[in-house]
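Working notes, structure below.
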Number of protein chains: 2
Amino acid sequence: MTTTAEPRISARRQATRDRVLEAASSVFAERGFHGATVEDICDRAGFTRGAFYSNFSSKDDLVVELSRRHSEALVDRIRRAGKREHAGTDEVLRDVFAALADDSRSKERWLVLTTEFTLHAIRDPEARRAWAAQQRRVRDELVTVVDETVARQGLTMPIPTELFVRAAIALAQGSMTQRLVEPRSLAVGELERTVLPILLGVDA
Amino acid sequence: MTTTAEPRISARRQATRDRVLEAASSVFAERGFHGATVEDICDRAGFTRGAFYSNFSSKDDLVVELSRRHSEALVDRIRRAGKREHAGTDEVLRDVFAALADDSRSKERWLVLTTEFTLHAIRDPEARRAWAAQQRRVRDELVTVVDETVARQGLTMPIPTELFVRAAIALAQGSMTQRLVEPRSLAVGELERTVLPILLGVDA
DNA sequence: CGAATTGGATACGACAACGTATCGGATGCA
DNA sequence: TGCATCCGATACGTTGTCGTATCCAATTCG
């Protein structure tokens, strides 16, 4: 077994990698993967292309790392939201599904990036495998939280949790999308608040 | 009022425009707007860039025309599916919402293009206005069909038709997306078949 | 049938984005 | 403090894409 001894990344190096990644996520959200040039990203990060190619081998390389972080952050948010055991079902679920739509920075950036990653995954087989695995982790996390919460309240859902979660994701993303395209036509959370309780078997 | 006398487009010209547009929609679906070069499109259409610039002023010009056709075709499909008055509610609705996901050519292309248009609209204010108007027409068409069908059966929906339609769109697109990313994880129509009847107030 | 017009092909110059090879300042270490 | 290494900046040449200016064939029309 040839375990390539990872040449330890210095703190300095890690810092510039982080800055580049952060810049990239903002530029990608603004212009899309193809629309973003390496120079755009470097400009925003305050570096030159030299720095970029010293840290990453290509834009694709960047995308892989970025999508990984993107999903990891989401799983974390879901997990944290699910921990509030004192709250009632509806509160917990609201928090959990708010997490789907809420990045501490900006919902818009988050949704656009998610969509970009998805398109990228549809087009590139390798990216697809990675993205599929990440999506599955997100769903699994949601299933766990929903099951726990629902069980605590002794509810019985009219549909399997997995399908409920898939529906919830679709609704959250769909309503965000509709709101971004037609800002004043749909109140924040209206769609989810109307539909999800029905799918939980609650009259609410 | 200066009504610029439209210089009538010849049949030949219209034919090449059509071929270019068809090629563009296929290339856009494969590589995205930014990823597609004018030359890519011309190659696929069997023309040179000379022909392109003789017919369109830019790639953006193309996108506008294309998104218009895209939505028009969808409205048509919905309208046709809604006309089958002999069928039962569930059949009609299945057909109608299948129309959401079904282009005679390819569902995949249709979904990807819809997503590309949406991203484009989020980024470009002018494109947004056009796309928002088109989305509204699609929804209105769906609301009409659903109302008619539901009324014919004397059902009462637990939520307003408009919200039902928005949810149905989100679910259809979400499930298609999930299926494209993780092909074997969700059966075709499973999500919609499970959720929509509940939202219609049917036990099914 | 011949002249005028239309419509696409060809050929060109400009430029933007890429990736690399090299340089020089900062940083870590003895 | 002096040396070695790291890492980002600079400065290329290369390529891909654009948009236009011009040419030539096909079509239209008198």
Side-chain angles (χ1 to χ4, degrees), chain A residues 4-66 116 119-120 123-124 126-127, chain B residues 4-66 116 119-120 123-124 126-127:
Chain A
T4 316
E6 295 273 340
R8 270 276 158 261
I9 55 268
S10 75
R12 183 192 181 193
R13 205 164 180 73
Q14 188 57 50
T16 75
R17 283 180 68 91
D18 287 348
R19 266 171 64 196
V20 170
L21 284 165
E22 163 62 24
S25 91
S26 120
V27 174
F28 283 156
E30 268 177 35
R31 323 198 179 177
F33 290 154
H34 276 291
T37 70
V38 172
E39 183 122 29
D40 285 340
I41 296 169
C42 295
D43 281 355
R44 184 146 321 175
F47 289 107
T48 60
R49 291 210 322 286
F52 179 89
Y53 285 106
S54 155
N55 280 282
F56 303 92
S57 60
S58 70
K59 216 167 60 172
D60 277 349
D61 192 3
L62 208 60
V63 173
V64 171
E65 173 72 4
L66 216 48
E116 288 279 353
L119 279 178
H120 188 63
R123 291 176 179 134
D124 181 282
E126 192 166 348
Chain B
T4 316
E6 294 275 339
R8 270 276 158 259
I9 55 267
S10 74
R12 183 191 180 192
R13 204 165 180 75
Q14 188 58 48
T16 75
R17 284 180 67 93
D18 287 347
R19 265 171 64 194
V20 169
L21 283 165
E22 163 61 23
S25 92
S26 120
V27 174
F28 283 157
E30 267 178 36
R31 326 200 177 174
F33 290 155
H34 276 291
T37 71
V38 172
E39 183 121 30
D40 286 337
I41 297 168
C42 295
D43 281 356
R44 185 147 319 176
F47 290 107
T48 62
R49 291 210 322 286
F52 179 90
Y53 286 107
S54 156
N55 279 282
F56 304 92
S57 60
S58 70
K59 213 166 62 172
D60 277 350
D61 193 0
L62 209 59
V63 174
V64 171
E65 173 71 4
L66 217 47
E116 287 280 351
L119 280 177
H120 188 64
R123 290 176 179 135
D124 181 282
E126 191 166 348

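By convention in this document, chain letters (A, B, ...) are assigned in the order of the sequence lines, proteins followed by strands, and residues within each chain are numbered from 1.
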What residues in residues 35-53 of chain B put a non-hydrogen atom under 4.0 Å from any atom of DNA chain D? B/T37, B/V38, B/E39, B/R49, B/Y53

Determine, step by step, whether B/S54 and B/R13 satisfy the side chain to side chain donor-acceptor pair (under 3.5 Å) criterion, reporting the C-alpha distance in whole Å, the side-chain angles of both residues, the deciding distance to 0.1 Å, and the verdict. CA-CA 10 Å; B/S54 156; B/R13 204 165 180 75; 3.3 Å; yes

Bounded by its outermost nucleotides with an atom under 4.0 Å from a heavy atom of chain A, the footprint on DNA chain D reads D/dC7 to D/dT10

Look only at the side chain of A/R49 and the backbone of A/V38, and say whether a donor-acceptor pair between them is shorter than 3.5 Å. no

How close do B/I41 and B/L62 get, heavy atom to heavy atom, and via which atoms? CD1-CD2, 3.9 Å

No-hydrogen, no-angle side-chain donor-acceptor test under 3.5 Å, A/D40 and A/T37: yes

Just by modelled atom types, is the A/A36 backbone N or O under 3.5 Å from a matching donor or acceptor in the A/R31 side chain? no

Would you mind reporting whether B/F28 and B/E116 have side-chain heavy atoms less than 4.5 Å apart? no

Nearest 0.5 Å, what's the CZ-CZ distance between B/F56 and B/R17? 4.0 Å

Between A/S58 and B/T16, just flag the one whose closest nucleotide in DNA chain C comes earlier from the 5' side. B/T16

Kindly give the heavy-atom pair with the smallest separation between A/S26 and A/R44, and that separation in Å. OG-NH1, 2.6 Å

Give the rounded distance in Å between these two atoms: CZ of A/R12 and C1' of C/dA26. 6 Å

B/S10 vs C/dG7: side-chain N/O to OP1/OP2 distance below 4.0 Å: yes

Is any side-chain nitrogen or oxygen of B/N55 closer than 4.0 Å to OP1 or OP2 of C/dG8? yes

Give the rounded distance in Å between these two atoms: CZ of A/R13 and P of C/dG28. 15 Å

Distance check needed: C/dC18 P versus A/H34 NE2, whole Å only. 12 Å

